[in-house]
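This report refers to the structure that appears directly beneath it.
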Amino acid sequence: QLELVDSGGDLVQPGESLRLSCTASGGTLDYYHLGWFRQAPGKEREGVSCISSSDGTIYYTDSAKGRFTMSRDNAKNTVYLQMNSLTAEDTAVYYCAADPRLMLTGPCLSHTWVGSGVVTWGQGTQVTVSS
């Protein structure tokens, strides 16, 4: 059974950077769409970025474009989210996710991840951006 462990969250000041990691065990990430999501206090979980399993295309939400970079290291079975120019609005718990529904096509951020019942989630890592 696939398990994901998120790490890398921290308290940083506005403008600083962080790199989040998500390491998988119990399976290989080659066979999943991979995503990073975040949930701020009082808000719903929202997508940040994802990698399509079919062709490796990486998608970003508008808030992440130009500041965040998602990548993967297949040898380490790990995905990363490099976050630059962080602002207070980026404060949230960040979760990685793996979706086994390879039959789903189109931009992976448009898939239904939350509440699907088949997506595997990491435990989350807290990112706090504050001066």
Side-chain angles (χ1 to χ4, degrees):
Q1 183 175 353
L2 186 72
E3 293 187 358
L4 303 175
V5 177
D6 305 323
S7 62
D10 205 346
L11 169 63
V12 297
Q13 295 189 349
E16 293 187 337
S17 300
L18 275 178
R19 188 177 81 156
L20 306 183
S21 300
C22 171
T23 300
S25 61
T28 175
L29 294 178
D30 291 355
Y31 304 113
Y32 296 85
H33 301 296
L34 303 171
W36 281 102
F37 290 73
R38 66 186 183 185
Q39 188 165 16
K43 295 187 176 181
E44 294 185 350
R45 192 170 299 188
E46 63 176 7
V48 175
S49 180
C50 67
I51 295 175
S52 174
S53 176
S54 59
D55 60 5
T57 301
I58 303 175
Y59 298 89
Y60 299 95
T61 56
D62 288 344
S63 62
K65 283 179 184 176
R67 299 188 302 129
F68 294 2
T69 303
M70 185 174 181
S71 62
R72 66 189 297 171
D73 185 332
N74 291 336
K76 295 183 178 180
N77 218 22
T78 298
V79 293
Y80 303 98
L81 185 68
Q82 176 68 41
M83 305 187 294
N84 300 328
S85 303
L86 287 163
T87 72
E89 287 68 38
D90 296 315
T91 295
V93 179
Y94 284 70
Y95 301 88
C96 68
D99 183 351
R101 297 171 297 176
L102 302 186
M103 77 292 292
L104 296 181
T105 58
C108 41
L109 280 177
S110 67
H111 301 172
T112 300
W113 293 71
V114 179
S116 71
V118 296
V119 171
T120 298
W121 296 91
Q123 84 285 1
T125 185
Q126 176 71 48
V127 172
T128 303
V129 185
S130 175
S131 56

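Below, all heavy atoms of this structure are taken into account, side chains as well, without hydrogens, waters or symmetry copies.
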Inset, instruction - Could you work out the complete set of other residues in the hydrophobic cluster of L109, with links drawn between I, L, V, M, F, W and Y side chains under 4.5 Å apart? - result: Y59
Inset, instruction - Decide whether V119 and L81 are clustered together by the hydrophobic rule: side chain heavy atoms of Ile, Leu, Val, Met, Phe, Trp, Tyr closer than 4.5 Å, transitively. - result: no
Contacts table for residues 19-30: side-chain donor-acceptor under 3.5 angstrom, sequence neighbours left out:
| unit_1 | atom_1 | unit_2 | atom_2 | d |
| --- | --- | --- | --- | --- |
| T23 | OG1 | T78 | OG1 | 3.1 |
| T28 | OG1 | D30 | N | 3.3 |

Inset, instruction - Determine whether Q13 and V129 make a side-chain contact, defined as any pair of heavy atoms from C-beta on separated by less than 4.5 Å. - result: no
Inset, instruction - Output every pair passing disulfide (SG to SG under 2.5 Å) with a member in residues 52-91, not counting sequence neighbours, ordered by first then second residue. - result: none
Legend entry - Joint cluster assignment, V48 & V93, ILVMFWY side-chain distance < 4.5 Å: no
Inset, instruction - Answer yes if the side chains of T61 and S63 hold a donor-acceptor pair under 3.5 Å, and no otherwise. - result: yes
Legend entry - Inter- and intrachain pairs under ring-ring contact (aromatic ring centres under 6.0 Å, His included), touching residues 79-112, at least two apart: H33-H111
Legend entry - CA sep, side-chain torsions, deciding dist, call: S52, S54, side chain to side chain donor-acceptor pair (under 3.5 Å): CA-CA 6 Å; S52 174; S54 59; 2.9 Å; yes
Inset, instruction - Give, for atom CD1 of I58 and atom OG of S71, the distance between the pair rounded to the nearest 0.5 Å. - result: 7.0 Å
Inset, instruction - State plainly whether one hydrophobic cluster holds both V114 and W36, where clusters connect Ile, Leu, Val, Met, Phe, Trp and Tyr through side-chain heavy atoms under 4.5 angstrom apart. - result: no
Inset, instruction - Report the residues that fulfil ring pair (Phe, Tyr, Trp, His ring centres under 6.0 Å) with F37, sequence neighbours left out, ordered by chain and then residue number. - result: W113, W121
Legend entry - Cluster companions of M103 among Ile, Leu, Val, Met, Phe, Trp, Tyr (side-chain spacing under 4.5 Å): L104
Legend entry - Within residues 98-131 or reaching into it, pairs that qualify as disulfide (SG to SG under 2.5 Å) - sequence neighbours excluded: C50-C108
Legend entry - P100 and Y32, any side-chain heavy atoms less than 4.5 Å apart: yes
Inset, instruction - Could you verify whether a donor N or O on one side chain and an acceptor N or O on the other, from T91 and E89, lie under 3.5 Å apart? - result: no
Legend entry - Non-hydrogen atoms of A98 and L4 that approach each other most closely: N-CD1, 3.8 Å
Legend entry - salt bridge (Lys or Arg N to Asp or Glu O under 4.0 Å) partners for E16, two or more places apart: none
Inset, instruction - Output the distance between atom OG (S17) and atom CG (L86), rounded to the nearest 0.5 Å. - result: 6.0 Å
Check: residues 5-12 side-chain donor-acceptor pairs under 3.5 Å, at least two apart:
| unit_1 | atom_1 | unit_2 | atom_2 | d |
| --- | --- | --- | --- | --- |
| D6 | OD1 | C96 | N | 3.3 |
| D6 | OD2 | Q123 | N | 3.3 |
| D6 | OD2 | G124 | N | 2.7 |

Inset, instruction - Under the salt bridge (Lys or Arg N to Asp or Glu O under 4.0 Å) rule, collect the residues that match up with D99, sequence neighbours excluded. - result: R101
Legend entry - Euclidean distance, M70 CE relative to Y60 OH, rounded to 0.5 Å: 8.0 Å
Legend entry - Residue pairs fulfilling salt bridge (charged side-chain N to carboxylate O under 4.0 Å, His left out) with at least one residue in residues 45-58, sequence neighbours excluded: R38-E46
Legend entry - Residues forming a salt bridge (Lys or Arg N to Asp or Glu O under 4.0 Å) with K43, sequence neighbours excluded: none
Inset, instruction - Kindly give the heavy-atom pair with the smallest separation between S85 and D90, and that separation in Å. - result: O-OD2, 4.3 Å
